[in-house]
Amino acid sequence: MDGPDDGRLHEISARLHREDPRFARGLGDGRPRRPREYRYARAWLLLAVALAVLGAGISLAHGLLVAAGLVLAGVAGELFDPHRGTRHRRAPRRF
């Protein structure tokens, strides 16, 4: 028997398969995986590269390497935010 919420559940399931198929497949197999927004491998790799560039810039006293390392560290920090794509910017208030 189909209930009134079955259509909504099918819609949610279809959206989950479309947005993150690896996570949905893991749920179906009984071995759930982290959702896409909580996978931080790239962020950790970029942070390691940023720290290496920053360290090289400090040891060589090269300002451009220091600046590049700081910028890369900032980008890596932004990648750790799980809700970075869902934030809405507020429109400026009109007076």
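Here the structure is a predicted model, which means the values were calculated and not measured.
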Same cluster (ILVMFWY, side-chain, under 4.5 Å), Val49 and Val75: yes

Least distance between heavy atoms, Leu72 atom then Ala50 atom: CB-CB, 3.5 Å

Nearest atoms (heavy-atom pairs only) where Ala76 meets Ala43: CB-O, 3.9 Å

Least distance between heavy atoms, Gly69 atom then Val53 atom: N-CG1, 3.7 Å

Phe80 and Trp44 aromatic ring geometry - parallel, tilted or perpendicular at 30°/60° bounds: perpendicular

Pairs flagged by ring-ring contact (aromatic ring centres under 6.0 Å, His included) wherever residues 56-75 is involved - sequence neighbours left out: none

Test item: Leu54 and Leu65 side chains (from C-beta on) under 4.5 Å apart, heavy atoms: no

Side chain to side chain contact (heavy atoms under 4.5 Å, CB included) partners of Leu16, counting only residues at least two apart: Phe23, Ala24, Leu27

Partner residues of Arg8 under the side chain to side chain donor-acceptor pair (under 3.5 Å) criterion, sequence neighbours left out: Glu11

Single-linkage hydrophobic cluster, 4.5 Å side-chain cutoff, Leu60 and Leu64 together: no

